[in-house]
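Accompanying notes for the structure given below.
To find a chain, count down the sequence lines: A is the first, B the second, and so on, and within it residues start at 1.
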Protein chains: 2
Amino acid sequence: MMTAAVILKNKSLSVTIPRKIILEIFIKESRALSHASIENSISTIIDRATIYRTLQTFLESGIIHQIPTTNNVVLYALCQEECSIDHHHDEHVHFVCTACDTTICMEKIIVPKVKLPRGFKMKNAALIIKGTCDICKN
Amino acid sequence: MMTAAVILKNKSLSVTIPRKIILEIFIKESRALSHASIENSISTIIDRATIYRTLQTFLESGIIHQIPTTNNVVLYALCQEECSIDHHHDEHVHFVCTACDTTICMEKIIVPKVKLPRGFKMKNAALIIKGTCDICKN
DNA sequence: GTAACTGCAAAATATTTGCATCCTT
DNA sequence: AAGGATGCAAATATTTTGCAGTTAC
């Protein structure tokens, strides 16, 4: 189990209070977070601009990856393996539970390859599955 | 080839100037559009609020569907088959060309089914593939 | 004629930026 | 000590809403 400080150091990022707090939230919650949900989870006051900048930094260092959504809210989740800005290992399935509105990474399930038409070259893929999760099932 | 007016009538929507103009843009451009790109394609002045409301209406009537993105911009594209708000037939692949920044629907390629862990129930899926398109290939 | 739709204006929300100060290395 | 990060404030951008006037059916 890597601590926030260790992860930051591994990425050659300076270890600051806001970065540790935000990273610890990601470590604690095993689900995808939006800017807003992070802001809400923080009891301390971290400036909104700092949160934006921190998420951007984490993204560029490959600490987190983005998950596409359809509601103008970008979600972020911890990367499991080593990622970098140009090569994210985020080609696992993301599951969105429409009941509890939670998005989780299904690290174990990789995105199946599909055959593209001639001339198209794939760089990466994201598969978002919506439905109900194992807790909300009914 | 369906005209904008016919599509609107089929969905029991009243045929208004803004709706026709916006729908015609979708018909003409065979790619996914954002609110902003629609606003830019319009020479006539259609109020921004009207565009938002029209897209919402089209979405609810199943005329267009949303495509998830990671940049806080929701994309919309024409539905090919009959859709409704609760059952969209949008389970085809969406291809994002990172060179020309264009998103297109690959109607022919359906999203492969994946096996979910016990307790998870899938309702629908979206597969977004990023790469270079057949025009931008190099 | 009536219900629905549009345009306008304002409000609410979300994101970005400049800059002075503070913190990490 | 120096460079980078933060916090604050302001600027920008985006989206929503209320309402009066207009349009489609």
Side-chain angles (χ1 to χ4, degrees), chain A residues 3-26 32-64 66-76 85 101, chain B residues 3-26 32-64 66-76 85 101:
Chain A
T3 65
V6 171
I7 293 174
L8 290 169
K9 275 177 193 151
N10 282 351
K11 299 291 184 181
S12 317
L13 293 176
S14 48
V15 181
T16 67
I17 309 281
R19 285 178 182 172
K20 274 200 291 186
I21 292 175
I22 294 171
L23 190 42
E24 272 156 13
I25 296 172
F26 275 107
L33 303 170
S34 63
H35 170 96
S37 63
I38 291 167
E39 207 173 311
N40 293 335
S41 323
I42 293 174
S43 44
T44 328
I45 306 302
I46 299 179
D47 192 75
R48 186 166 293 159
T50 300
I51 301 177
Y52 279 112
R53 285 186 282 223
T54 301
L55 290 174
Q56 191 56 39
T57 303
F58 285 2
L59 204 58
E60 287 168 7
S61 327
I63 294 177
I64 57 177
Q66 291 179 306
I67 302 163
T69 63
T70 51
N71 58 348
N72 277 317
V73 175
V74 177
L75 291 178
Y76 302 88
I85 181 66
D101 199 36
Chain B
T3 65
V6 171
I7 293 172
L8 290 169
K9 275 178 193 153
N10 282 350
K11 298 292 184 180
S12 315
L13 293 176
S14 48
V15 180
T16 67
I17 309 281
R19 286 178 180 173
K20 274 200 292 186
I21 292 175
I22 294 171
L23 190 41
E24 273 156 12
I25 296 172
F26 275 107
L33 302 171
S34 64
H35 170 97
S37 64
I38 291 166
E39 205 174 313
N40 293 336
S41 323
I42 293 174
S43 44
T44 328
I45 308 302
I46 299 180
D47 192 76
R48 186 166 293 162
T50 301
I51 300 177
Y52 279 111
R53 285 186 282 224
T54 301
L55 290 174
Q56 192 55 39
T57 304
F58 285 2
L59 204 57
E60 287 168 8
S61 327
I63 294 177
I64 58 178
Q66 291 180 305
I67 301 163
T69 64
T70 51
N71 57 349
N72 278 316
V73 174
V74 177
L75 291 179
Y76 303 89
I85 182 65
D101 198 37

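- Between the C1' atom of dT6(C) and the CZ atom of Arg19(B) lies a distance of 10 Å, rounded to the nearest Å.
- Ile64(A) and Leu55(A) get closest at one heavy-atom pair: CD1-O, 3.6 Å.
- The terminal axes of the helix from dG1(C)-dC25(D) to dT25(C)-dA1(D), fitted over 5 pairs per end, subtend an angle of 40° to the nearest 10°.
- Heavy-atom minimum distance, Val74(A) versus Thr70(B): CG2-O, 3.3 Å.
- Look at CD on Glu39(A): it is 12 Å from P on dG7(D), rounded to the nearest Å.
- Counting to the nearest Å, the C1' atom of dC8(C) and the CD1 atom of Ile45(B) are 13 Å from each other.
- Taking atom CG of residue Leu8(B) and atom C1' of nucleotide dT23(D), one finds them 15 Å apart after rounding to whole Å.
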Can you give one letter per nucleotide of nucleotides 12-25 of chain C, 5' to 3': B if a protein heavy atom sits under 4.0 Å from the base, S if only from the sugar-phosphate, - if neither? --SBBBB-----SS

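- Considering all non-hydrogen atoms of both residues, Lys20(B) and Ala5(B) come closest at CD-CB, 4.3 Å.
- Here salt bridge (Lys or Arg N to Asp or Glu O under 4.0 Å) pairs that include residues 35-44 of chain B, with residues two or more places apart or in two chains, are Glu39(B)-Arg48(B).
- Nucleotide dT6(D) holds its C1' atom 12 Å from the CD1 atom of Ile21(A), rounded to whole Å.
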Applying side chain to side chain contact (heavy atoms under 4.5 Å, CB included), run through Ile7(B) and Leu13(B) and close with a yes or a no. CA-CA 9 Å; Ile7(B) 293 172; Leu13(B) 293 176; over 6 Å; no

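- Distance CD1 (Ile51(B)) to C1' (dC5(C)): 15 Å, rounded to an integer number of Å.
- Scanning both residues, Ala49(A) and Asp47(A), for their nearest heavy atoms gives N-OD2, 3.0 Å.
- Of the possible polar contacts, none joining the Ser37(B) side chain to the Leu33(B) backbone as a donor-acceptor pair under 3.5 Å is found.
- Between the CD atom of Gln56(B) and the P atom of dT16(D) there is a distance of 8 Å, given to the nearest Å.
- One finds the CG atom of Asn40(B) at 9.0 Å from the NE2 atom of His35(B) (value rounded to the nearest 0.5 Å).
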